[in-house]
Amino acid sequence: MACVGVGVLFFEFETVLTKQNYAVSAAKESDGVSGDATSAADGPRPAASSTSFPTKAPKCDRSFVSRPNAAQNGTFEAPLLSAPLKPNQTQSRQCIYTFIAGPRQRVELIFTAFALRGTPPECIHEYLDLYVEIRDSNVSDLINTPFGGRYCGPIAPRRRISLYRTLALGFFTDKNTTYPELFAGTYAFINDSDYEVGTPEPNTPCTFTVHTEVTRTGNILSPTYPGVYPKDLTCSYQFIGKPGQRIRLEFRDFDLFFGGPHCPFDYVKVYDGLTNESATIGTFCGQQRNLVLYSSESSLFVSFVTLQRTANTQNRGFKGIFEFSESFVKLDFISKNEGEHIRGSECDQKILSKKESEGAVYSPNYPFPYIPKIVCRYFIYGMQDMQHLERVRLSFDKFEIPRPPNKECTDGYLKIYLKGQETMDAYDKYDYEFCGDMLPPQVVSDGPRLVMVFSSGEVQGRGFKAKYKFETEYRIPGTPTPGGSCSFTYRSTSRKRGEFNSPRYPSNYPSGTNCTYIFIATPNEQVNIVFDHFKVRADAANTTYGSYGHYCQEDWLEIYNMYKDGTEKLVGRYCGVTAPGPVESNRGATGLKVLLHSDDDGVFSGFKARYMFEVAKSIFGDCGSNVSSQEFGVITSPNWPNNYEGPERGLASRTCNWYLSVRPRFRIVLHFESFAVEGDPQNRGCPAAVVRIWNGGEGPPLELCGEKLPQDRTQFTSENHVMRVTFISADKSVGAVGFRAVWTEVSGSPAGCDQFQCVKSGFCVSERLRCNGVDNCGSEDRSDETNCETEAPLEPLAMLGACVGGAGVLALALCVWCHRKRRRRRRQSRRRRLQRGSPGVGYRGSLAGSVAGSNMAPASLPPSLAGSLPASLAGSRRSMQHVCDHYASSVDSV
């Protein structure tokens with residue numbers, strides 16, 4: 001591993017080379033030996049050396065020179081140094097190894113052993129410096145030569161190749177004794193022609209022009225490949241072909257320093273033209289695999305740039321091949337379908353939507369047979385931004401890709417990707433694969449991307465022609481209406497329950513959109529809708545009662561009941577965060593319609609809701625009633641004053657409908673005495689439970705919920721003599737106390753009131769409602785219950801019981817009186833019979849007969865009984881006798 005300490009290096013070399021006028025001795029010539037090294041380790045330096053060492057220590061420099069007809073490689077190792085010194089005396093050593101190649105040669109250095117003291121980057125006591133950019137064989141001025149790195153520790157430097165003919169090593173140690181095992185390696189003098197990609201530009205190390213007339217194919221290498229490439233270097237390669245030709249560039253090895261995804265440091269940049277002002281194909285760094293690039297026309301420009309950095313990197317650069325050819329795919333089949341060739345590819349193209357546009361795509365060379373062994377990709381992309389989202393519909397007009405006898409698409413094929421697999425480079429996970437001569441089915445992308453990959457194989461065919469169409473993608477479950485508009489239908493015959501949402505939920509819905517949702521039930525069903533999320537833009541939202549009706553001017557959602565005659569009745573308009581309450585279609589309606597509207601300004605996340613088709617309920621729902629011909633009444637939620645409950649398990653809602661009707665020309669006043677229903681109109685609406693009031697007009701109902709109603713929202717007056725009140729709790733309701741409301745019939749013209757006129761409200765109510773224990777004058781007006789007797793009025797059942805009890809007591813008293821009178825008469829008869837001496841039985845019989853034949857009038861009864869005796873008894877002796885006999889027997893039994 002390299003040590004950074006460049007400043008230390010410069011200081012030491014300045015001391016050794018400059019101040020002491022140090023120079024490396026020329027290599028000693030030796031016949032028949034290439035790379036012969038001279039060393040002063042074993043004796044005095046040769047006379048050719050004209051400089052002296054700064055100390056008296058023996059010289060340790062070595063030179064390796066390429067000579068004709070000699071071996072072009074060899075080995076090198078660390079010097080063997082041993083100098084007798086005085087006790088406790090140390091002497092630092094500096095050794096220069098110089099490798100000089102011959103003309104049109106370079107030096108290659110490979111380390112096979114390395115064990116210097118120190119731990120990078122703290123290379124202080126022992127290190128090795130590298131210089132690979134020496135322009136000539138004179139190494140006396142190394143301080144001005146680009147520095148190639150400092151190394152110590154156990155990790156050897158990577159392979160090095162000189163940029164020119166000379167390479168140098170500088171070894172430093174502060175130890176008295178060194179051994180060859182400190183470092184060792186091999187060197188070789190290699191041919192420089194491999195690095196001449198084309199015609200070189202004078203006085204530049206790596207600028208070339210490649211003409212197709214000179215060579216149609218060849219290699220392209222970074223200047224010192226496979227050795228570590230130098231820093232602060234700029235190379236360029238210009239490829240010039242003939243008209244009709246294209247250039248293919250394939251990198252088979254690519255290893256550059258990776259400084260980030262945008263390659264801010266070292267990079268290879270490829271331009272689709274003659275110069276670096278042409279359109280860019282791409283900028284590459286790091287490690288690349290299977291990097292193959294094509295020019296669009298007959299020229300290509302490649303730039304290789306490395307920056308001056310303090311970081312010591314050891315990347316090897318790149319190696320590739322290039323080819324000029326007329327047989328590469330002609331790109332005219334792309335331009336005729338409004339596609340755009342993807343620069344750098346042989347025949348890839350992209351087609352971008354122009355908002356619900358359409359067109360056609362073809363195989364290369366269509367309608368003629370395609371070229372064998374090519375791969376072309378088609379990227380068909382719909383719009384996808386904050387306001388638009390599209391999908392792609394693809395249908396085929398012609399298709400002919402020969403199928404092998406094994407029925408598998410093992411030669412040519414067309415693969416289709418509908419889910420954006422190309423973004424993850426997952427080309428093995430295709431959705432469809434087609435070959436043969438049968439037209440493939442129509443396909444629709446799952447999102448804005450559709451990708452086709454066409455591989456021609458070895459057997460030629462005519463290819464294909466297909467039509468594409470971009471459609472707005474709403475991401476709404478349901479059956480879309482043909483034509484691509486935002487209209488969806490949900491039929492009970494298809495599915496009984498499901499979900500629907502605003503376009504692109506949970507992302508924001510697009511602006512300038514109108515979406516329609518139609519729910520069609522069978523004749524014996526009703527539709528229920530429950531909203532789970534709701535957020536629709538409303539700049540003019542009401543902060544007190546929630547965003548309903550006319551407050552919704554920008555974006556809004558409306559719900560309608562639909563009828564067989566084509567009429568529609570509005571349930572409500574909603575916006576902001578005021579979610580609609582649970583909705584149940586009316587009896588007699590064919591279903592519900594939901595309409596979402598957005599203007600051209602800002603948007604929100606929209607809504608998510610559930611629908612359920614259920615067996616139709618009675619007109620009153622699960623509870624409720626039809627009330628008419630009464631002057632007042634009381635309406636309460638189920639279980640009041642206990643908490644109401646949601647629907648039974650598996651049902652969507654529980655509904656109560658009260659239909660109130662009074663005399664014509666009268667109106668209805670509805671007053672809530674108690675109210676606590678789940679929801680918050682201001683912050684979240686009434687999604688779990690709601691009270692709706694139809695006041696007899698043509699408009700939509702009022703919606704109420706919350707823990708408590710505002711004071712000015714507790715009383716409502718009908719526009720005519722009818723009113724409907726509905727309470728619905730959804731399946732997600734958790735229950736609350738509910739409500740108690742009093743409704744009262746009031747005169748339509750209170751000015752001429754001939755009954756009781758309320759003091760505060762001014763309502764004209766029936767005189768019979770005075771002092772009935774119910775506030776019939778409305779909110780905060782109890783004038784109908786003032787100045788009343790303190791005695792509590794009897795309830796109807798108590799009055800009935802009292803009447804029945806009184807009648808019973810009266811009848812019993814009458815029977816007792818009759819019984820006593822009969823006994824008295826019998827005693828009198830018995831006395832007279834005793835006086836006359838007649839038999840008791842015969843007298844008794846005559847007495848019975850006289851009584852039976854007598855015409856006893858009620859006047860002979862005591863006045864208290866005669867006045868209270870019913871007329872039927874008072875006018876009939878036989879009836880009276882019958883009643884008396886009956887009750888007398890009862891009394892006797894007691």
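The figures that follow rest on heavy atoms only: side chains count, while hydrogens, waters and symmetry mates do not.
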Q | Test side chain to side chain contact (heavy atoms under 4.5 Å, CB included) applied to Thr567 and Lys569, step by step | A | CA-CA 7 Å; Thr567 60; Lys569 291 187 177 180; 5.6 Å; no

Q. Quick check, are the ring centers of Phe488 and Phe500 under 6.0 angstrom apart?
A. no

If you count heavy atoms of other groups shown closer than 6.0 angstrom to [atom1] of [X], is the number above 12?
X: Glu648; atom1: CD; answer: no
X: Glu707; atom1: CD; answer: no
X: Lys496; atom1: NZ; answer: yes

Less than 4.0 angstrom from a charged side-chain N to a carboxylate O is my criterion; do [X] and [Y] meet it?
X: Glu703; Y: Arg692; result: yes
X: Asp775; Y: Arg782; result: yes
X: Glu745; Y: Arg663; result: yes
X: Lys760; Y: Asp781; result: no

Q: Measure up the Phe672 and Phe739 rings against each other and bin them: parallel (under 30°), tilted (30 to 60°), perpendicular (over 60°).
A: perpendicular

[X] and [Y]: which non-hydrogen atoms are nearest, and at how many Å?
X: Asp601; Y: Ser511; result: O-CB, 3.4 Å
X: Val571; Y: Asn561; result: CG2-ND2, 3.5 Å
X: Val722; Y: Ser718; result: O-CB, 3.6 Å
X: Asp599; Y: Asp555; result: N-OD1, 2.8 Å
X: Arg770; Y: Ser783; result: NH1-O, 3.7 Å
X: Thr726; Y: Trp694; result: OG1-CZ3, 3.3 Å

Q. If you measure SG to SG, does Cys758 sit under 2.5 Å from Cys764?
A.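 Looking at Cys764 and Cys758, their sulfur gamma atoms do not lie closer than 2.5 Å, so the answer is no.
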
So, does [X] use its side chain to make a donor-acceptor pair with the main chain of [Y] at under 3.5 Å?
X: Tyr659; Y: Ile619; answer: yes
X: Ser502; Y: Phe607; answer: yes
X: Arg573; Y: Cys552; answer: yes
X: Glu568; Y: Tyr560; answer: no
X: Thr590; Y: Lys564; answer: no
X: Asn643; Y: Val734; answer: no

(Q) For Ser605, run the side-chain hydrogen bond (donor to acceptor under 3.5 Å, both in side chains) check against Arg504, His533, Lys535 and tell me which one passes. (A)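 The residue from Arg504, His533, Lys535 that satisfies side-chain hydrogen bond (donor to acceptor under 3.5 Å, both in side chains) with Ser605 turns out to be His533.
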
Q. When you look at Arg587 and Gln526, which way does the side chain to side chain contact (heavy atoms under 4.5 Å, CB included) test go after all the steps?
A. CA-CA 7 Å; Arg587 283 295 304 267; Gln526 289 176 282; 3.9 Å; yes

(Q) Determine whether Trp556 and Tyr574 satisfy the following criterion, side chain to side chain contact (heavy atoms under 4.5 Å, CB included), listing intermediate values before the conclusion. (A) CA-CA 6 Å; Trp556 37 259; Tyr574 311 89; over 6 Å; no

Q | Under the side-chain contact (heavy atoms from CB on, under 4.5 Å) test, residues paired with Ser618 that sit two or more places apart | A |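 Listed in chain order: Phe620.
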
Q: Could you list the residues that satisfy side-chain contact (heavy atoms from CB on, under 4.5 Å) with Ala689, not counting sequence neighbours?
A: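 By the side-chain contact (heavy atoms from CB on, under 4.5 Å) rule, Ala689 matches Tyr644, Val677, Glu678, Phe727, Ser729.
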
Q: For the pair Cys515 and Cys486, evaluate disulfide (SG to SG under 2.5 Å) and give the outcome as yes or no after the intermediate values.
A: CA-CA 5 Å; Cys515 291; Cys486 187; 1.9 Å; yes

